Amino acid sequence: MIYRVSDFAPRPHALYRFFSAEGSLLYVGITANIGARWKSHSHDKPWWAEVSSTTIEHFSNRYQVLVAERCAIIAERPRYNVIHNNEWP
């Protein structure tokens, strides 16, 4: 993955996980604007109706959250992530 200098600038980002009512992990994502990102998901993701709960982790820059997202997807195998979901540790 290629990183930009701006990825290291101090700008808060969040890593979020969406879970089903049964507790299975549906999706892992990142954003600098939680409200806007979740609104986008609610309009264009067919799995949105399955989301029952969420968790959020905060990071101080985009680089940190990109690394955390990749690690989380590879380790946790969320049902609806496409990128990184076919990589094995």
Side-chain angles (χ1 to χ4, degrees):
M1 175 176 266
I2 297 173
Y3 298 104
R4 302 172 301 217
V5 171
S6 62
D7 290 338
F8 298 92
R11 181 173 178 225
H13 280 72
L15 181 139
Y16 56 89
R17 290 172 175 86
F18 292 141
F19 296 89
S20 71
E22 297 77 31
S24 64
L25 182 59
L26 300 173
Y27 188 81
V28 173
I30 62 172
T31 187
N33 185 330
I34 292 173
R37 185 66 177 137
W38 290 7
K39 184 177 180 180
S40 172
H41 283 319
S42 73
H43 291 296
D44 64 11
K45 299 298 182 193
W47 47 260
W48 181 254
E50 295 179 53
V51 175
S52 178
S53 64
T54 62
T55 62
I56 302 170
E57 293 179 58
H58 297 277
F59 294 83
S60 61
N61 63 46
R62 183 167 172 81
Y63 171 76
Q64 291 174 339
V65 79
L66 285 167
V67 171
E69 178 191 39
R70 183 175 184 267
C71 291
I73 293 169
I74 291 169
E76 300 167 34
R77 312 277 297 163
R79 185 180 312 159
Y80 295 116
N81 281 87
V82 176
I83 297 176
H84 306 308
N85 217 353
N86 60 352
E87 297 179 27
W88 295 94

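Bear in mind the structure is a predicted one, so any value in this text is a computation, not a measurement.
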Is the shortest side-chain heavy-atom distance between [X] and [Y] below 4.5 Å?
| X | Y | value |
| --- | --- | --- |
| T31 | Y16 | yes |
| Y27 | F19 | no |
| I56 | L15 | no |

Aromatic ring centroids of W47 and H41 under 6.0 Å?
->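 For W47 and H41, the ring centres are under 6.0 Å apart.
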Minimum heavy-atom distance F18-L25, with the two atoms named |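 Shortest heavy-atom contact: O-CD1, 3.5 Å.
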Do you know which two heavy atoms are closest between S52 and S20, and how far apart they sit?
->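 Heavy atoms only, the tightest pair is CB-C, 3.6 Å.
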Going by the rule side chain to side chain donor-acceptor pair (under 3.5 Å), which residues pair with [X] if we only count those two or more places apart in sequence or in a different chain?
| X | result |
| --- | --- |
| H13 | none |
| T54 | none |
| Y80 | E50 |

Can you tell me which residue pairs pass the salt bridge (charged side-chain N to carboxylate O under 4.0 Å, His left out) test with a partner in residues 35-45, sequence neighbours excluded?
->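 For residues 35-45, and leaving out neighbouring residues, there are no salt bridge (charged side-chain N to carboxylate O under 4.0 Å, His left out) pairs at all.
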Any salt bridge (charged side-chain N to carboxylate O under 4.0 Å, His left out) involving residues 17-35? Give me the pairs, sequence neighbours left out, ordered by first then second residue.
->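 Of all non-adjacent pairs touching residues 17-35, those that pass salt bridge (charged side-chain N to carboxylate O under 4.0 Å, His left out) are R17-E57, R17-E76.
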Partners meeting salt bridge (Lys or Arg N to Asp or Glu O under 4.0 Å) with E69 (sequence neighbours left out) =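 Residues passing salt bridge (Lys or Arg N to Asp or Glu O under 4.0 Å) with E69: none at all.
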Under 3.5 Å, is there a donor-acceptor pair between the side chain of N81 and the main chain of V28?
->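 Yes: the side chain of N81 pairs with the backbone of V28.
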